[in-house]
Novice: 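Take a look at this one; I'll ask things after.
None of the values given here were measured: they were computed from a predicted structure. Numbers restart at 1 for each chain; the letters A, B, ... are given by sequence-line order, proteins then strands.
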Amino acid sequence: MTGEATINAAPLLEIENLDVTFATRAGPIDAVRGVSLAVARGEILGIVGESGSGKSVTALAIMRLLDRAGRITGGSIRFRGIDITKLGTTDLRNLRGAALAMIFQNPRSCLNPIRTVGDQIADTLRAHRPLSRSAAKARALDLLAGVLIREPEKRISAYPHELSGGMCQRVMMAMAMACEPDLLIADEPTTGLDVTTQKAVMDQLAALVRERGMAMMLITHDLGLAAQYCDRVAVMQQGLVVETAAPAVVFSAPSHPYTRRLVAASPTPTSTVASLSAEGTAESRAAHPHDINSGNPKGVIPGLVPGTHGAAAEVSAIVAPWVPAINAGMTPVELDQRGTLLVPLTPPPLMTVANLVMRYDRDITAVAGVSFDIGAGESVGLVGESGSGKSTIARIVCRLIDPTTGTIRFDGADIGAMPASTFHKATQRADIQIVFQDPGDSLNPRFSAFDSIADPLRRLKGLRDGMALRTRVLECATRCGLGPELIARFPHQLSGGQRARVGIARAIATQPKLLILDEPTAALDVSVQAIILQLLDRLRREQGMAYLFVSHDLNVIRMMCERTIVLKQGAIVEQGQSAVLFTAPTDPYTQGLIAAIPHFEPGSATPPSAGRRRLG
Amino acid sequence: SADAQTRAETLRQVTANTINTLDPTMAGATREAFGLSMNVYDRLVAFTRKPRGNGYIFEKDKLRGELAESYTVSPDGLKFTFKLKRDAKFHDGTPVTADDVKWSLDRHVSSKSLAASQLATGSLTKPEQFKVIDPYTFEVTLDKPDRFALPNLAIVYAIVFNSKLAKSKATPDDPWAQGWLKDNTAGSGAYTIETFKLGEQIVLKRNEEWTGGIDGKPAPFKRIIMQTVPEAATRASLVEKGDADISIDLAASDVLSLESKGRLKIVSTPQFNAFSLIAFNTKAPPFDNVKVRQAIAAALPYGDLFKAAIFQRGQPLYQGKWASAPETSDFPQAMPVQQDLARAKALLAEAGFANGFETTFSFNVGSAAVSEPIAALTKEALAKIGIKVDVQKVPDAQMSTFINEKKVPFFLEASIAWLPSTDYFFRVFFTGPQRWNYSSWDNAEIASLTDQARFELDPARYDTQTRRMIALAAAEVPAILLWQPNQDAVMAPAIEGYTYWFHRQVDFRDLARKGS
Amino acid sequence: MTTLASISRRTGTRFVSSLPALLGVVVFTFILMRVLPGDPAVFFASGPNAGKAEIEEVRRLMGLDQPLLYQLALYLRDIATGNLGRSLTTGQPVLADIQQRLPASLELTFTALVLALTLALPLGIAAALNPGKLVDHAVRFACTLGVCVPTFVSGLLLIYAFYYLLGWAPDPTGRLDIFAQAPPRITGFLLIDSLIARDGTTGLAAASQLILPAATMALFVLAPLARMTRASMLAVLGSDFIRTADAMGLSRARVVGVYALRNAMLPVLTIAGIVFSTMLGANVLVEKVFSWPGVASYALDALLASDYAPVQGFVLLMASIFVVVNLTIDVLYGIADPRIGIE
Amino acid sequence: MTTSTLNHVAYVLRGNLVTAAAAAGTALLIAVAILGPWITPYDPIASNVSIALQPPSFAHWAGTDQLGRDIASRIIAATRLDLLIAASAVSLSFVVGALIGSLCGYHGGRVDRWIGRVVDILMAFPLFVLAMAMVAALGNRVENIIYATALINLPFYIRFARAEVNVRRNLGWVEAARASGNSHFQVVTHFLLPNILPAMAVQISLNLGWAILNAAGLSFIGLGVQPPTPEWGIMVAEGARHITTGKWWLVAFPGLALMLAVLCFNLLGDGLRDILDPRMRT
Ligand SMILES: Nc1ncnc2c1ncn2[C@@H]1O[C@H](COP(=O)(O)OP(=O)(O)OP(=O)(O)O)[C@@H](O)[C@H]1O
Ligand SMILES: Nc1ncnc2c1ncn2[C@@H]1O[C@H](COP(=O)(O)OP(=O)(O)OP(=O)(O)O)[C@@H](O)[C@H]1O
Ligand SMILES: [Mg+2]
Ligand SMILES: [Mg+2]
């Protein structure tokens with residue numbers, strides 16, 4: 001095929017020793033440091049790496065679309081032999097869109113909201129080709145049809161807000177493809193898309209690249225995606241390319257420690273909390289030197305947890321690292337056996353929720369008669385597709401909003417009868433705490449980490465400013481792996497993982513009996529997620545808290561919870577021991593959910609991409 | 001050119017205020033409306049004028065016929081007989097007859113308007129007093145001889161309407177056509193209204209049929225434009241640049257500066273029928289105490305006030321050279337007050353306010369340019385004798401209300417009498433519960449003196465009575481007279497014939513442009 | 001089609017929902033005016049000899065002898081029948097006065113707004129294209145200077161310079177040179193009327209009278225408009241779709257002129273609406289300085305005279321204009337921004 | 001904490017010379033306001049009619065007014081009053097407006113709708129006329145001028161605060177605050193209000209300037225501070241009438257003071273936002 005032929009020709013794009021520096025008030029930031037990459041015609045190059053590693057900056061540098069503060073301080077970017085870094089604006093404009101095109105991350109915000117998509121495509125066409133208005137329109141129609149948009153005649157005069165995210169993504173693609181560029185840069189083209197749409201979009205892109213003999217750079221943090229679609233993968237860390245090779249090589253035999261860490265941190269159906277991020281980051285190790293991973297299990301704080309739950313989790317956590325990860329299917333069975341053994345010993349539940357119904361205005365029934373129990377020290381998972389009512393239940397149970405009907409008993413008290421608007425005065429307020437989905441969003445931008453953690457202590461424990469408060473805050477912070485140097489920082493000065501830890505420290509500050517976790521890691525990248533999951537797991541064992549763990553990531557739930565509740569449209573379709581549920585889901589809905597998870601299996605010797613790629 | 005010719009035949013006056021009605025007898029009529037009515041309407045009689053400085057001034061005691069060709073007064077002073085001009089015509093061409101005069105005067109004394117109370121000061125109160133003898137002979141009868149009867153027929157309100165026209169516009173609800181006459185004219189005067197834009201400008205056109213001018217000719221200017229320009233500085237610039245021909249509403253400081261430049265003609269006339277005064281509420285403490293009033297009169301820096309407020313453009317009414325008996329019976333005249341802080345302190349101590357007291361001093365926003373310096377200096381001077389004064393600048397409507405309801409203790413006012421004579425001044429400004437008795441002065445002797453003097457026909461006795469009134473006012477200090485400000489008419493050098501009239505407005509019939 | 005329908009539905013509901021506000025304005029003004037300590041009857045019974053009887057008569061004429069609530073009811077009934085009462089200052093029905101004067105104010109304000117926008121937009125855009133650069137600071141400084149000077153001072157200074165010293169401007173006395181012939185009144189807008197009458201000289205005369213007061217007002221509102229333009233341009237220029245447009249190689253002119261500017265105009269539109277209604281009400285001082293026969297100076301005189309009806313009428317008028325302007329902006333917004341209407 | 005704040009302020013000022021100049025100007029104004037009575041060369045209200053209306057000279061470097069008062073002294077003495085008017089009017093409308101607005105924005109519902117109505121009514125008023133009417137009704141004393149100025153700014157603050165809070169009320173940290181045991185009121189005062197402050201700082205600084213201009217406008221039509229109290233607006237308003245007579249110093253110097261103040265406040269506004277915004281700290 002033509003694709004095979006061009007791969008070996010001289011590279012279309014050649015980046016050599018690229019340096020990009022941002023001037024900030026804290027001094028220059030070297031976002032990209034001596035990156036060298038090459039892409040040949042017909043090739044798809046994947047770029048992976050954790051957040052902030054310089055993937056987008058590299059892409060933008062190629063387009064010469066860096067932020068005002070950013071400058072290319074060294075190296076060259078040769079495109080078809082011309083050094084882009086030395087081009088004048090006019091030449092650049094001629095190149096952009098025509099020979100070089102880029103697809104941005106968030107399709108909707110990348111389209112002009114008050115211009116029809118047809119016009120926008122036509123604009124691109126007319127910028128590079130001497131087309132009449134009507135000819136451009138006609139061509140735009142073809143392009144829309146080309147990206148498989150149904151009824152393109154109708155959609156051509158639609159505004160972006162009238163299209164779904166996936167459609168916007170495809171409009172973006174049509175625009176990028178309009179002038180048949182030689183190189184297409186796709187920066188996380190599928191974030192925000194559900195799995196099925198993701199697949200459709202990616203297949204289409206790959207097909208177009210092959211058909212037209214162009215080249216593509218696919219930037220993603222999803223190793224699975226990279227493995228499936230790329231010919232070669234470059235791994236970036238802190239502005240450096242640490243490894244470049246075929247995906248099979250990178251993921252099965254990573255040579256660089258960072259790549260190994262990245263691969264390890266990606267949850268798989270077989271991973272356990274402990275197995276994630278086998279080496280941890282320097283920071284997390286510093287925070288808890290006696291981490292189980294370092295081979296020094298700390299064990300349960302004596303007397304905190306009656307029964308054997310904690311012990312069971314602990315055992316599984318300790319056992320897990322020694323379970324060969326490649327040996328898929330073995331661990332669940334083990335866990336399953338333990339789980340069934342442990343259930344009968346459950347003491348009277350900590351929280352009993354019965355017949356919970358929540359109706360919003362306009363007759364939206366978010367929760368339709370849900371009942372469940374949470375035992376003391378038990379971790380219960382709550383899963384379900386988007387909009388199934390998970391957050392609603394979390395907020396009701398946390399007494400932040402009132403349900404339409406239903407009872408909630410907690411620790412012997414009918415807390416459902418207390419209105420949410422005055423629940424801050426209830427004695428149980430300190431006992432039920434919540435960790436919110438987005439760690440950045442849940443911290444007051446004007447509170448330092450210290451203030452955020454101190455706030456519940458001041459309000460609920462009556463601690464005034466002074467030594468007692470300080471000691472307690474520091475204690476919680478340390479427990480969550482936040483060093484004293486971070487405690488005075490404002491949220492914007494903290495990384496996502498650090499923010500998440502502040503949120504957790506705040507929630508555990510009052511030593512609640514029940515901690516509700518509403519997708520606590522959804523906004524984090526895999527390496528940070530791994531750290532947080534380990535932290536949560538450890539905290540539970542140390543403090544003996546019960547968890548209600550909400551997540552859309554079934555792998556995470558499987559690792560974190562003994563028991564799982566599956567929600568669909570506000571009602572429970574299935575619940576049971578996690579181990580059982582995940583290996584043998586009975587309800588078709590649960591089966592569907594589990595099947596849709598994009599799995600990344602570092603152990604699989606052959607990446608599935610080679611075969612699938614051509615399906616497009 | 002034709003344009004220049006038109007311009008030369010046009011007089012443009014810029015005013016501060018607006019004309020709000022064409023019927024001067026309506027409540028709320030502005031001074032500018034009064035001035036307008038003099039030019040659009042005629043009255044039976046008019047005051048005469050005499051030269052003064054580079055202009056003219058009206059003679060309050062000498063009348064001439066206006067619509068009347070001649071008039072006779074019966075020996076007992078009770079009957080006035082007017083012979084009307086035969087050629088006088090209303091603007092629509094109908095001749096002016098005694099019937100029109102009768103209808104008009106009946107209207108003035110019977111309709112709800114400002115005219116009735118004014119005409120009453122001349123004992124003209126009811127329609128029965130007015131009689132048509134024949135189409136060109138008209139008779140007015142009085143119950144008592146009244147010096148003010150005839151002058152009252154020369155004032156702004158005593159205009160003669162075209163009764164046929166007016167009656168045709170009357171309705172059962174509005175028998176005197178007040179609604180219609182407010183927006184329309186039915187007169188016989190020297191000018192007719194060409195355009196009237198409320199609040200902006202009014203353009204007058206010469207009535208070629210009118211023969212009341214010099215040598216029986218129409219008025220000299222063909223067109224008159226009266227334009228409202230609220231900003232004083234702008235008015236000054238307009239006159240200075242020659243875009244406007246005359247203005248009588250310039251700020252004293254502007255007049256001063258224009259005078260020093262010497263390019264314009266400025267006719268300054270002390271308003272001998274007007275005065276500025278500082279009034280006390282003599283009904284309430286502390287100003288019910290004559291010693292307090294005397295103390296304040298002795299504390300004010302008159303010279304500074306005169307200089308700072310009006311740049312000495314006026315006739316002082318202080319530092320009179322007499323002590324207990326006035327030298328003339330004219331009023332207003334300079335009163336025997338001057339600054340003497342030691343005396344002021346002593347008087348205040350005698351009054352029982354050795355440590356002073358607190359009070360407020362009010363004036364209205366509209367007069368701020370003049371009043372603010374007075375207020376500031378008064379505050380400063382009174383502080384020296386221990387009186388703490390809080391200055392209050394009050395919107396005009398509120399000030400009127402406060403004064404009417406006697407709510408302000410100590411304030412600044414300026415007023416005017418159309419028919420200036422001593423007893424009239426005292427009757428209006430110093431007796432009774434009415435609004436114009438600013439000081440609410442209630443002096444039995446003054447009351448009886450004004451009653452007597454009103455109908456006193458013997459000049460000698462009148463002289464004694466009025467001198468006594470003035471002496472009383474000097475002793476009791478119901479108010480402190482400050483000065484009679486000048487009427488400063490600033491005009492292009494070629495404008496001649498400007499006359500200071502009792503109503504303080506420009507009478508266009510007097511004016512001519514030299515050389516055209 | 002559906003967008004049009006939804007826009008008109010929105011407009012309808014907006015209009016209906018603003019009616020209570022209008023009623024509130026009317027009642028509030030009514031009460032406020034009665035709270036003023038000045039008694040109009042005393043003020044207007046001002047003839048040199050007016051006594052108690054005259055004052056009572058004026059009071060009766062104005063209906064002030066009735067109980068307050070009854071007066072309010074009468075007033076509301078009158079408004080409903082289109083009768084805004086009669087001004088004592090001018091002696092005319094308020095409605096007639098306002099009809100006479102509103103075009104003057106509107107013409108002035110529109111001109112000033114257009115003037116301000118034609119200055120503010122390029123300045124704001126220039127500043128946004130060079131943030132933090134000299135141009136940006138210069139624009140900011142220049143605009144702020146405009147806000148520093150009270151309008152009556154800048155007005156007087158302009159008159160002094162352009163009329164008194166230089167003699168370039170015609171005398172600052174109203175809308176038309178006193179010796180010029182006004183065009184037949186059709187719309188009341190002199191510029192438009194002279195256009196209809198094909199009378200170039202008059203149009204020019206009117207325009208030259210208009211320029212100084214409009215400039216005075218424009219100077220004052222330049223800053224908010226330019227700042228808003230700058231801010232919203234900056235925000236838009238930093239947004240993703242501009243980057244997309246750049247990435248697609250569209251020309252600079254197209255990116256700035258079509259992609260950025262059109263989006264940036266939306267908030268500017270809102271501000272322009274607010275500026276327009278505040279200017280209409282706040283140009284009292286400009287109207288005074290330039291002897292402009294507008295509604296604001298009319299209301300001011302009435303207010304100082306405690307002449308209730310004109311003030312009430314004026315406030316009602318301003319409130320209605322506010323509502324209308326807001327509605328217009330809404331509709332424009334709905335047309336300009338396809339996202340509106342689907343909430 | 002404080003040193004870091006100072007460092008941050010210093011950083012912002014260094015990075016932005018215009019803001020630094022505005023800050024210096026504001027500091028100067030405040031110093032003059034505080035020191036006013038001690039640094040006036042003459043008694044600002046003592047008249048001396050014999051030297052009235054003198055142009056600037058060595059003895060009176062800003063000339064004298066109609067009563068022979070030293071204009072320079074009057075300008076200096078007026079600083080305190082003008083800053084007082086501006087600061088109190090703005091803080092009044094800010095405190096009341098921000099509180100009402102944020103409570104409305106936070107709670108929504110019927111209260112919000114009703115207050116929204118009232119704000120609509122206020123907004124629909126020709127605001128300058130409203131201020132005039134208020135001052136005319138209550139008497140032109142300093143307090144009333146402040147109230148009137150505050151009232152006409154109120155709707156903007158309410159709207160602004162409401163809108164800003166509205167977009168934030170569903171943010172995670174608001175819910176987190178509730179979970180931490182804060183009452184609704186505490187959420188509004190401790191969490192939401194401090195967060196909308198940077199955005200409002202710009203509005204505040206603009207309004208400081210406008211408040212003085214508003215007072216000047218009121219003075220121009222005679223509803224300003226009572227004489228003989230010196231106040232820039234009154235001095236400018238009165239001085240403006242002397243422009244044609246060539247007595248330029250009557251308007252020029254108070255006008256310059258007014259301009260300096262408004263200019264400083266306006267320019268400071270942008271800097272203030274940077275200073276208050278913790279996100280700008282690194
Ligand atoms: N405008 C900017 N100013 C300052 N620093 C910047 C800017 N843009 C990016 N950076 C820095 O450059 C580095 C690389 O950022 P980049 O956006 O390329 O990360 P990324 O690999 O795309 O991460 P993600 O997966 O989260 O998108 C980061 O440390 C980031 O903080
Ligand atoms: N305040 C609200 N008003 C009206 N409807 C709401 C509100 N909050 C949530 N809903 C609706 O209730 C349903 C359940 O929402 P919820 O946030 O609980 O879903 P979720 O399971 O947490 O979804 P996700 O995984 O996307 O977070 C959804 O249909 C949502 O649209
Ligand atoms: Mg990125
Ligand atoms: Mg959710």
Novice: How close do Gln209(C) and Pro170(C) get, heavy atom to heavy atom, and via which atoms?
Specialist: OE1-CG, 2.9 Å
Novice: With heavy-atom distances below 4.5 Å as the criterion, would you say the side chains of Phe196(B) and Ile19(B) are in contact?
Specialist: yes
Novice: I'd like to know which of Ile225(B), Ile403(B), Val394(B), Val365(B) tops the heavy-atom pair count under 4.5 Å against chain C.
Specialist: Ile225(B)
Novice: With respect to chain C, which residue among Thr25(B), Thr195(B), Asp183(B), Thr228(B) yields the maximal number of heavy-atom pairs within a distance under 4.5 Å?
Specialist: Asp183(B)
Novice: Which residues from residues 188-205 of chain C are near chain B, with near meaning under 4.5 Å between non-hydrogen atoms?
Specialist: none
Novice: Quick check for you: among Arg12(B), Lys407(B), Glu231(B), which has the greatest number of heavy-atom pairs under 4.5 Å with chain C?
Specialist: Arg12(B)
Novice: Using a cut-off of under 4.5 Å for heavy-atom pairs, which of Ser87(C), Ser291(C), Ser297(C) has the most such pairs with chain B?
Specialist: Ser291(C)
Novice: Is chain C contacted by the side chain of Thr30(B), its backbone, both, or neither, given a heavy-atom distance below 4.5 Å?
Specialist: neither
Novice: Against chain C, label Thr18(B) side chain, backbone, both or neither, depending on which of its atoms sit under 4.5 Å from a heavy atom there.
Specialist: neither
Novice: Taking atom NZ of Lys112(B) as the centre, does the number of heavy atoms from other residues, nucleotides or ligands within less than 6.0 Å exceed 12?
Specialist: no
Novice: Heavy-atom cut-off 4.5 Å, strictly under: side chain, backbone, both or neither for Leu156(C) against chain B?
Specialist: side chain
Novice: Using non-hydrogen atoms only, which part of Pro24(B) is less than 4.5 Å away from chain C: side chain, backbone, both, or neither?
Specialist: neither
Novice: Does Lys205(B) have more than 12 heavy atoms from other residues, nucleotides or ligands lying within 6.0 Å of its NZ?
Specialist: no
Novice: Less than 4.5 Å to any heavy atom of chain B: does that hold for the side chain of Asp301(C), its backbone, both, or neither?
Specialist: neither
Novice: Kindly determine whether Phe275(B) and Phe429(B) satisfy ring-ring contact (aromatic ring centres under 6.0 Å, His included), including the steps that lead there.
Specialist: CA-CA 11 Å; Phe275(B) 56 84; Phe429(B) 294 107; 5.0 Å; yes
Novice: May I ask you to test the Leu84(C)-Ile79(C) pair for a side-chain heavy-atom distance under 4.5 Å?
Specialist: yes
Novice: For Asp423(B) versus Arg454(B), what's the shortest heavy-atom pair and its separation?
Specialist: OD2-CA, 3.4 Å
Novice: Where does Asn364(B) contact chain C at under 4.5 Å (heavy atoms): side chain, backbone, both or neither?
Specialist: neither
Novice: Under the rule for salt bridge (Lys or Arg N to Asp or Glu O under 4.0 Å), what residues qualify as partners of Arg31(B), not counting sequence neighbours?
Specialist: none
Novice: Does Trp292(C) use its side chain to pair, donor to acceptor, with the backbone of Val286(C) at less than 3.5 Å?
Specialist: no
Novice: Are more than 12 heavy atoms from other residues, nucleotides or ligands located less than 6.0 Å from atom NZ of Lys222(B)?
Specialist: no
Novice: For Tyr163(C), is it the side chain, the backbone, both, or neither that has a heavy atom closer than 4.5 Å to a heavy atom of chain B?
Specialist: both
Novice: Are there more than 12 heavy atoms of other residues, nucleotides or ligands under 6.0 Å from atom CZ of Phe162(C)?
Specialist: no
